[in-house]
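Atoms within a ligand are numbered from 1 in the order they appear, just like the ligands themselves. Computed from a predicted model, the values in this text were never measured in an experiment.
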Amino acid sequence: MTDSDSDSKDPSAGSAASNFIRNMIAQDLASQKHGGRVHTRFPPEPNGYLHIGHAKSICLNFGVAKENGGHCNLRFDDTNPAKESQEFVDAIKDNIAWLGFNWHGEVRYSSSYFDYLYDFAVQLIEKSQAFVCSLSPEESREHRGSLTEPGRNSPDRDRSVAENLQLFARMRGGEFAEGEYSLRAKIDMGSPNINMRDPVLYRIRHIDHHQTGDKWCIYPTYDYTHCISDAIENITHSLCTLEFEDHRPLYDWILHKLDSGSLRSVSDLSDSNFDYVLPEQTEFAKLKLNFTMMGKRNLKEMVESGVVNGWDDPRMPTLAGMRRRGFTPASIKNFCESVGVSRSESVVDMSMLEHAIREDLDSSAPRAMCVLNPLKLVLSNVDEGQAEHLELARHPKDESMGRRTVPFSRELLIDRSDFEAEPPPGFKRLIPGGEVRLRGAYIIRCDEVVEDSKGVVQQLNCTIDKDTLGKRPQGRKVKGVIHWVSAAHGVKAKLRLYDRLFNVQIPEGKDVQDYRQVLNPDSLIELNECMVEPSAVAEGASPNYQFEREGYFRLDAIDSTDELPVFNRTITLRDSWSSK
Ligand code: ATP
Ligand code: MG
């Protein structure tokens, strides 16, 4: 991937709303704190797919770099091989590229710094800042204390440097079982911050890694790895979410204990003569969205137990699912900009996300007609076998999208819900003896209703008024306009109508014991007998459409076949949430 983002400042930067991180970076640039550089990173752990919450972090990290002519790295924080995989690595890269962001240089992996991390651990041991501990995981927990009780020192805390070095080398050599030893920082077991109570830096794990294979049987912890990786990559602003606030003292402790000359010598900028300044961590609030679960553990559980059809199920809040459903990169980026960045946790209303996608698709999606529940309509004054080819605008406001050809013939299909034999008051569409306009075509009158033996309407026999094509007849009031598809020309399609996955606002909240109890049973409705106008499935058709009066849809890239196109409803035309 090339680094096209570093050439110039982003021209749109002026329009971005200010937030505390943008302000901080502006100040750091003004004071030349990092030599006038801005270098961020997005550090996902490849243990699941990215979700809309990650998009907030991606937009922030890549966004502030771009706005300031800086760089943003993509670094996989891959220190826990038990839960990680190449599938997740590939999906994450794909999602970020899809959003339209270019990472700086090659993709980074924390695991490619394992040699350095090991050497730095040796350095900490030599400085008496780390020791090899033989407490079992249970004993360590017991020694750690609690929020109200201080911890107790490990009996191994004063082991000699020589012995620590030897044991650490033997840990690496694979001589011990998992849990038999760990490497711990020597900080302060009495610290009110539990993260500072001699935290573990290395654990023994006899397990292969997706990047390093069987080279290692000891793996560094997240806290130890993250700060050093940032320093190696000369990150200036290490932006992360609020749960890491209490880890910041450890981040700083590790970097300040290490010899800055040796950090510098292995860093990306080791050949240049810039002032070496350590990276600094700044926290912001996570994105939370109502009616949505974002914890990766829960998302994984839903995939594995078959509650949804994979990570890219269009009901999932994953970027892969949203993409398949029809969300556009622009809508996601606009949403992330509109929720802003702050330090206060709040739950964002789903309607904000829906607003962002409707706004984007309203202007970008061409229009077409699709009948969801077809009812046959026969026009008695149109000859059999005769077809007219109407030229309709692809978009009502954007002429540059051009026109499409919509075939019109004797037998049409309309939606069942657009006809009522016994209309309720105010019903404006077709009724026995009544008139309605066919979208983009003629006014028709319903002359006869054909029912089967059970009284179910089978067919409507109608006549068209041939003088009404594109004309409003004088003195006649025809209020209703309905959509239609020519039966002989339409293409059969399957439509999937999606609704929210949960029927409570906070499915991960304290009062929900099991998310399975709050699943919306109607989150997916499949309609197999729909009929779509030919232009929407023609060669070169747009992937996103507004099917008039029915919503925005996207052709499913995976399940569609030549015989049966499958469309996913991205979103209805109007906000249906507020009324639910
Ligand atoms: P988990 O769900 O297992 O807690 P995670 O979502 O923190 O994991 P990571 O892969 O570590 O997953 O996240 C990568 C980056 O995205 C981190 O910097 C993290 O702070 C950020 N991030 C994760 N969730 C959100 C969110 N909801 N809003 C904003 N940023 C987020
Ligand atoms: Mg995380």
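Each of the following atoms of ligand 1 lies closer than 4.0 Å to a heavy atom of Pro43: 14 (C), 18 (O). Under a 4.0 Å criterion applied to the non-hydrogen atoms of Ser57, ligand 1 contributes the atoms 16 (O), 21 (C), 30 (N). Near Thr241, meaning under 4.0 Å from any of its heavy atoms, are these atoms of ligand 1: 19 (C), 20 (O), 29 (C), 30 (N), 31 (C). Residue-ligand proximity, Glu45 to ligand 1, at heavy-atom distances under 4.0 Å covers atoms 9 (P), 10 (O). When each atom of ligand 1 is checked for a heavy atom of Pro44 under 4.0 Å away, the hits are 10 (O), 14 (C).
In terms of polar-atom proximity, defined here as any N/O pair under 3.5 Å, Gly53 does make such a contact with ligand 1. Residue Cys240 has no nitrogen or oxygen atom sitting less than 3.5 Å from a nitrogen or oxygen atom of ligand 1, judged on distance alone. In terms of N/O distances under 3.5 Å, ligand 1 is not approached by Glu243. The distance criterion of under 3.5 Å between nitrogen or oxygen atoms is met by His54 with respect to ligand 1. For a threshold of 3.5 Å applied to N or O pairs, the pair formed by Lys296 and ligand 1 contains at least one separation below that value.
A cation-pi arrangement is absent between Lys257 and Phe120, since the terminal nitrogen or guanidinium carbon is not both under 6.0 Å from the aromatic centre and inside a 45° cone about the axis. Seen from the ring of Phe567, Arg554 does not count as a face-on cation partner, given the 6.0 Å and 45° thresholds.
Ile558 is linked by a side-chain contact (heavy atoms from CB on, under 4.5 Å) to Asp312, Arg324, Asp556, counting only residues two or more places apart in sequence or in another chain. Applying the side-chain hydrogen bond (donor to acceptor under 3.5 Å, both in side chains) rule to Tyr49 yields the partners Glu87; only residues at least two apart in sequence or on another chain are considered.
In this structure, a donor-acceptor pair under 3.5 Å is absent between the side chains of Asn80 and Glu84. Between the side chains of Ser110 and Arg75, no donor N or O sits under 3.5 Å from an acceptor N or O.
The minimum heavy-atom distance linking Phe335 with Ser338 is given by the pair O-OG, 2.8 Å.
Below 30°, between 30° and 60°, or above 60°: for His209 and Tyr219 the angle between ring planes is below 30°, a parallel geometry.
Contacts of His51 with ligand 1, taken as heavy-atom pairs under 4.0 Å, involve the side chain alone.
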